[in-house]
Participant: 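I have a structure I would like to understand better, so I am pasting it below and will then ask my questions one at a time.
Bear in mind the structure is a predicted one, so any value in this text is a computation, not a measurement. We're numbering straight along the sequence, starting at 1. Read the numbers this way: they start at 1 and go in the same order the structure lists the ligands and their atoms.
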Amino acid sequence: MTRRRISILGSTGSIGCSTLDVIDHLGGREAFEVPAITGMGNITLLAEQAKRFGVGFAATADPTRHEELKDALVGTGIETGAGPEAIIEAASRAADIVMAGIVGIAGLAPTLAAAKTGADIALANKECLVSAGSLFVEAVKTGGGKLLPVDSEHNAIFQVLEQSQRHAVERIILTASGGPFRNMSRDEMANVTPKTAAAHPNWSMGLKISIDSASMFNKALEMIEAQHLFDVSPDAIEVIVHPQSVIHSMVGYTDGSVLAQLGAPDMRTAIGYAIGHPRRISLPVERLDFARLAKLEFQAPDTDRFPALALARRAMEQGQMQGCVLNSAKEIALEAFIAEKIGFLDMADIVEAVMVDMAGLGAPTTIEDVFAADAEARRRAMEKIGLD
Ligand code: NAD
Ligand code: MG
């Protein structure tokens, strides 16, 4: 039997490791060939994964770490590369499916390169859709592969959005855990540290997305992601805070029915659904025990304490380049918060100021327009923080 070929961009991250775990569960090297994997700083883990899965090519995004990676893989016959071009090369290697698990807009160019090969794209990297929107969707379509959402909310919607009933889709309801500061006052939020912000109550994820969950910038990105992925109008996208993270999202239909996907908060379900699509696979994840769960709670999101949500709505309504600007300015503000150069609430203020500055920028017609807006939004955000 021929093995399915799966490459993993960002294999050393949270999504990457969960993806390799799913592959292991599905039979590992017996069932899958792994043409390429990529990482950045954790060379030990990258090399260990490369050997364990017998990959064709392993690349680190850090150009200064090539020697270290080569040394770690000497005698294995595994090809190595380093720097952004090597990540593009990894993404371009022939594969049936590519997991897009790099964090941030750094994932856009490699994911586009993967789309061009015609591989199916399992998309965890939401920034591709937030920044490039329909250009990204079109690129995957042109390549000929499927676009398979891995973000748990979008994967949930993908599971319950009946394509034959698209005419009757009334609303998309994204659930949000509310993060660690769900019940905190604005005053208290002003003084939180990166460490407390990174402590997500339900999900175990990478550092940046965990802090984005605390500020609800993650949900903001997911609203824009949903707009492009499911081609719905901004006012059809709702957010509801649901602290248990059991309902992963819902679709409301014109007959009043609401279809939801439920499960334990474990990314392997969404990853496995994408890898197996259109066939469900078997996974060793925790099963929901409804008697033990007892109650599911819901509350309306508070845009005063979580202004990111209002910024996302503005970006969805304005369209143009505002999704890209929101994300790029947010990436700079987030790094500054992690480095303790700005406070938690300053992040949204900086993003808003850059969005206002760049409100006149027209919609992108090429990916180069997106990269130019990204660079400009970063520059302006740095300037506002005083880091230029
Ligand atoms: P992570 O920080 O754990 O891992 C990120 C990966 O990207 C690592 O392999 C890292 O080496 C690589 N990387 C970082 N910077 C890079 C760069 N400049 N160039 C190339 N590679 C780089 O992040 P994560 O939590 O796994 O998230 C990955 C993506 O998936 C993000 O877009 C995130 O929003 C999305 N996502 C994650 C989860 C989750 O549960 N972790 C859930 C939904 C969506
Ligand atoms: Mg999500």
Participant: In the protein, which heavy atom is nearest to atom 21 (N) of ligand 1, and how far is it?
Facilitator: I102 CG2, 3.6 Å

Participant: As a quick check of understanding, evaluate salt bridge (Lys or Arg N to Asp or Glu O under 4.0 Å) for K330 and D212, giving each step before the final call.
Facilitator: CA-CA 9 Å; K330 188 278 295 174; D212 281 350; 2.6 Å; yes

Participant: Counting non-hydrogen protein atoms only, what is the nearest one to atom 26 (O) of ligand 1? Give residue, atom name and distance.
Facilitator: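 Closest protein heavy atom to atom 26 (O) of ligand 1: I15 N, 2.9 Å.
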
Participant: Give me the nearest non-hydrogen protein atom to atom 35 (C) of ligand 1 as residue plus atom name, then the distance to 0.1 Å.
Facilitator: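 Protein heavy atom with the smallest distance to atom 35 (C) of ligand 1: A124 O, 3.1 Å.
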
Participant: Minimum heavy-atom separation for A95 and V98, please, with both atom names.
Facilitator: CB-CG2, 4.1 Å

Participant: Looking at ligand 1, would G101 count as a contact under a 4.0 Å heavy-atom criterion?
Facilitator: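 Contact present.
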
Participant: Going by side-chain contact (heavy atoms from CB on, under 4.5 Å), name the residues that satisfy it together with A113, two or more places apart in sequence or in a different chain.
Facilitator: I88, A91, S92

Participant: Any Lys/Arg nitrogen of R166 or D231 sitting under 4.0 Å from an Asp/Glu carboxylate oxygen of the other?
Facilitator: no

Participant: Does L311 offer a backbone N or O that forms a donor-acceptor pair with the side chain of E352 under 3.5 Å?
Facilitator: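 No; judged by distance alone, with no hydrogens or angles, the pair does not exist.
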
Participant: Using a 4.0 Å cut-off to any heavy atom of E127, which atoms of ligand 1 qualify?
Facilitator: 32 (O)

Participant: Show me which atoms of ligand 1 lie under 4.0 Å from any heavy atom of A106.
Facilitator: 17 (C), 18 (N), 19 (N)

Participant: Under 3.5 Å between any N/O of G206 and any N/O of ligand 1: does that happen in this structure?
Facilitator: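 Yes: some nitrogen or oxygen of G206 is under 3.5 Å from one in ligand 1.
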
Participant: For N125, take its heavy atoms, then give the atoms of ligand 1 lying under 4.0 Å from any of them.
Facilitator: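 That gives atoms 32 (O) of ligand 1.
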
Participant: Taking the Mg ion (ligand 2) as the reference point, name the nearest N/O/S atom of D151.
Facilitator: OD1

Participant: Taking atom CZ of F217 and atom NZ of K208, what is their separation to the nearest 0.5 Å?
Facilitator: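 Here the interatomic distance stands at 14.5 Å.
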
Participant: Looking at R52 and D24, is there a salt bridge between them, counting it only when a charged N and a carboxylate O are closer than 4.0 Å?
Facilitator: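 Result for this pair is yes, salt bridge flagged.
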
Participant: Starting at OG1 of T76, measure out to NZ of K70 and round the result to the nearest 0.5 Å.
Facilitator: 12.5 Å

Participant: Give me the residue, atom name and distance of the protein heavy atom closest to atom 12 (C) of ligand 1.
Facilitator: G10 CA, 4.3 Å

Participant: What do you get for the angle at the Mg ion (ligand 2) between OE1 on E153 and OE2 on E222, to the nearest 10 degrees?
Facilitator: 100°

Participant: Considering only heavy atoms of M40, which atoms of ligand 1 have at least one such atom less than 4.0 Å away?
Facilitator: 11 (O), 14 (C), 15 (N), 16 (C), 17 (C), 18 (N)

Participant: For the residue pair H277 and F158, categorise the inter-ring angle as parallel (less than 30°), tilted (30 to 60°) or perpendicular (more than 60°).
Facilitator: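 Judged by the thresholds at 30° and 60°, the geometry between H277 and F158 is tilted.
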
Participant: Look at the aromatic rings of F230 and H154 and report parallel, tilted or perpendicular, splitting at 30° and 60°.
Facilitator: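 The rings of F230 and H154 lie parallel, inter-plane angle below 30°.
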
Participant: Show the atoms of ligand 1 that are less than 4.0 angstrom away from any heavy atom in K126.
Facilitator: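 Near K126, the atoms of ligand 1 are 32 (O), 34 (O), 44 (C).
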
Participant: Could you check whether any heavy atom of K208 sits closer than 4.0 Å to an atom of ligand 1, since that is the contact criterion I want to use?
Facilitator: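 K208: no contact with ligand 1 (<4.0 Å).
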
Participant: Among all protein heavy atoms in this structure, tell me which lies nearest to atom 43 (C) of ligand 1, with the distance rounded to 0.1 Å.
Facilitator: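 Ranking protein heavy atoms by distance from atom 43 (C) of ligand 1, first comes D151 OD1, 3.1 Å.
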
Participant: Take every heavy atom of G39, measure it against each atom of ligand 1, and state whether any distance is under 4.0 Å.
Facilitator: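 Yes; G39 lies near enough to ligand 1 that a heavy-atom distance drops under 4.0 Å.
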
Participant: Mind checking whether I209 has a heavy atom under 4.0 Å from ligand 1?
Facilitator: yes

Participant: Taking N or O atoms only and a 3.5 Å limit, does T12 qualify as a polar contact for ligand 1?
Facilitator: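 Checking ligand 1 against T12, an N or O pair does fall under 3.5 Å apart.
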
Participant: Just checking, any donor-acceptor pair under 3.5 angstrom between side chains of S257 and D255?
Facilitator: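 Short answer, yes.
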
Participant: So which heavy atom in the protein is nearest atom 41 (N) of ligand 1, and how far is it from that ligand atom?
Facilitator: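 Looking at atom 41 (N) of ligand 1, the protein heavy atom closest to it is S14 OG, 3.2 Å.
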
Participant: Looking only at protein heavy atoms, which one is nearest to atom 19 (N) of ligand 1, and what is the separation?
Facilitator: A61 CB, 3.5 Å

Participant: Tell me whether R380 is salt-bridged to E383, with the criterion being a basic N under 4.0 Å from an acidic carboxylate O.
Facilitator: no

Participant: Would the number of heavy atoms belonging to other residues, nucleotides or ligands and lying under 6.0 Å from CD of E286 be above 12?
Facilitator: no

Participant: Using a strict 4.0 Å cut-off to heavy atoms of G13, name the atoms of ligand 1 that fall inside it.
Facilitator: 1 (P), 3 (O), 4 (O), 8 (C), 9 (O), 26 (O)

Participant: By number and element, which atoms of ligand 1 are closer than 4.0 Å to a non-hydrogen atom of M267?
Facilitator: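 Ligand 1 atoms under the 4.0 Å threshold to M267: 40 (O), 42 (C), 43 (C).
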
